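A quick note: this is a predicted structure, and the numbers were derived from the prediction, not measured.
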Amino acid sequence: MKRMLYNVFVYGTLKRGEPNHHWFRPENGFSRFIAAGSTTQKFPLIVGTRYNIPFLLDRPGIGYNIKGEIYEIDEAMLGKLDELEGYPQYYDREIQNITVENESMQCWLYLLRKFPEKILEKTLLEAYHNTPEQPYCESYVDSTVDDIFDSDDLKQQSN
Ligand code: PCA
């Protein structure tokens with residue numbers, strides 16, 4: 001049977017040197033770094049919730065051409081990443097054009113479709129890096145995904 005391979009563009013905690021990069025380990029499936037690139041369209045990228053999670057928001061045209069990394073992965077690895085990102089209940093994913101030098105590649109990326117407008121007022125980033133000032137909080141593994149997405153600045157205002 002032919003092995004299916006997918007290109008995924010990562011812009012957040014899955015990048016090299018960031019807190020979830022270890023998910024690309026061989027036990028989780030096949031992965032191979034292809035290239036650094038950036039989204040051909042502009043997107044808002046923010047860090048939000050009390051866990052300091054990076055979110056790319058489904059609002060093309062706002063923000064920057066987001067910088068990240070392309071990996072080629074197999075179906076097993078895609079399944080693992082879907083698990084990490086809470087796909088499809090929380091993050092969705094879609095295929096976007098990624099610019100690599102002067103070429104374009106089609107890649108999957110994870111993005112958030114539903115969010116309160118006010119999170120667009122947060123600082124829009126061109127590239128994500130985990131920092132001591134705003135550390136990514138892995139303790140969310142102790143809380144449910146519902147808790148994260150129900151919390152703080154991702155909560156819809158009821159008024
Ligand atoms: N992980 C995915 C989406 C956001 C995140 O933290 C990524 O790095 O692309």
Side-chain angles (χ1 to χ4, degrees), residues 1-49 51-115 123-145 148-149 154:
M1 212 177 84
K2 191 167 162 281
R3 188 171 65 154
M4 281 290 288
L5 291 173
Y6 304 83
N7 288 327
V8 62
F9 172 79
V10 303
Y11 55 83
T13 59
L14 285 166
K15 290 192 298 185
R16 199 174 278 175
E18 302 300 341
N20 281 323
H21 186 69
H22 62 89
W23 280 70
F24 285 121
R25 63 189 176 271
E27 305 95 277
N28 283 350
F30 170 80
S31 69
R32 180 169 75 98
F33 174 79
I34 301 287
S38 55
T39 58
T40 306
Q41 296 203 77
K42 292 178 171 26
F43 284 98
L45 172 63
I46 59 119
V47 171
T49 83
Y51 305 97
N52 292 324
I53 300 173
F55 294 104
L56 191 146
L57 306 174
D58 182 19
R59 200 58 75 79
I62 299 176
Y64 296 93
N65 302 100
I66 303 301
K67 292 182 175 168
E69 299 167 358
I70 299 168
Y71 291 82
E72 183 179 58
I73 62 174
D74 69 0
E75 206 149 5
M77 183 64 76
L78 183 63
K80 282 289 175 187
L81 300 188
D82 283 348
E83 198 183 296
L84 170 69
E85 308 302 347
Y87 168 83
Q89 296 92 328
Y90 301 102
Y91 280 97
D92 199 358
R93 57 172 157 82
E94 67 182 32
I95 291 178
Q96 277 289 333
N97 287 323
I98 304 300
T99 308
V100 181
E101 287 157 21
N102 291 321
E103 308 211 346
S104 183
M105 284 182 71
Q106 297 215 310
C107 300
W108 287 99
L109 59 71
Y110 291 94
L111 79 176
L112 201 62
R113 300 226 190 258
K114 286 196 185 146
F115 50 87
T123 306
L124 302 182
L125 306 172
E126 183 176 18
Y128 167 80
H129 292 291
N130 187 32
T131 62
E133 294 74 41
Q134 225 181 2
Y136 176 72
C137 190
E138 298 200 59
S139 70
Y140 77 81
V141 292
D142 297 329
S143 46
T144 66
V145 184
I148 293 169
F149 280 82
L154 284 187

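The distance from atom CD1 of Ile73 to atom CG of Asn7, rounded to the nearest 0.5 Å, is 8.5 Å. Distance check, rounded to the nearest 0.5 Å: CZ of Phe43 to CG of Leu112 gives 12.5 Å. Distance check: Trp108 CH2 to Ile98 CD1 gives 12.5 Å after rounding to the nearest 0.5 Å. Rounding to the nearest 0.5 Å gives a distance of 11.5 Å between CZ of Arg93 and CG of Leu111. Taking CD1 of Ile46 as the reference point, atom CG of Asn52 lies at 10.0 Å (rounded to 0.5 Å). The OH atom of Tyr71 sits 4.0 Å away from atom NE2 of His21, with the distance rounded to the nearest 0.5 Å.
Nearest heavy-atom pair across Pro54 and Tyr128 is CB-CD1, 3.6 Å. For Phe24 against Ser31, the heavy-atom pair with the smallest separation is O-OG, 3.2 Å. Summarising the geometry of Val100 relative to Ala36, their closest heavy-atom pair is CG1-O, 3.7 Å, with the distance given to 0.1 Å. Contact between Ala76 and Gly29 at its shortest, heavy atoms only, is CB-CA, 4.2 Å. The two atoms that bring Tyr64 and Leu125 nearest to each other are CD1-O, 3.5 Å, heavy atoms only.
Counting only distance, with no hydrogens or angles, the side chain of Asn130 and the backbone of Tyr136 share a donor-acceptor pair below 3.5 Å. Proximity of a side-chain donor or acceptor of Asn65 to a complementary backbone N or O of Thr40 within less than 3.5 Å is detected. Looking only at distances, a side-chain donor or acceptor of Tyr11 sits under 3.5 Å from a matching main-chain atom of Tyr110.
With sequence neighbours left out, Ile62 forms a side-chain contact (heavy atoms from CB on, under 4.5 Å) with Pro44, Arg59, Leu124. Residues passing the salt bridge (charged side-chain N to carboxylate O under 4.0 Å, His left out) test with Glu27, sequence neighbours excluded: Arg25. Residues passing the side chain to side chain donor-acceptor pair (under 3.5 Å) test with Gln96 are Gln41, Glu94, sequence neighbours excluded. Residues meeting the salt bridge (charged side-chain N to carboxylate O under 4.0 Å, His left out) test with Glu83, sequence neighbours left out: Lys80.
Taking the side chain as every heavy atom from C-beta outward, Trp23 and Val10 never approach each other to under 4.5 Å. Between Glu85 and Tyr90 there is no side-chain heavy-atom pair separated by less than 4.5 Å. Under the 4.5 Å side-chain criterion, counting only non-hydrogen atoms from C-beta, Met105 is in contact with Ile34. A heavy-atom distance below 4.5 Å is found between the side chains of Leu84 and Leu14.
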Side chain to side chain contact (heavy atoms under 4.5 Å, CB included) between Gln106 and Asn97, worked out | CA-CA 5 Å; Gln106 297 215 310; Asn97 287 323; 3.2 Å; yes
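Applying the 6.0 Å contact sphere to CD of Gln89 captures more than 12 heavy atoms from other residues, nucleotides or ligands.
If you check the side chains of Asn20 and Thr13, you find a donor sitting under 3.5 Å from an acceptor.
Sorted by first and then second residue, the salt bridge (charged side-chain N to carboxylate O under 4.0 Å, His left out) pairs involving residues 12-23 (not counting sequence neighbours) form an empty list. Pairs engaging residues 32-44 under the salt bridge (charged side-chain N to carboxylate O under 4.0 Å, His left out) rule: Arg32-Glu72 [sequence neighbours left out].
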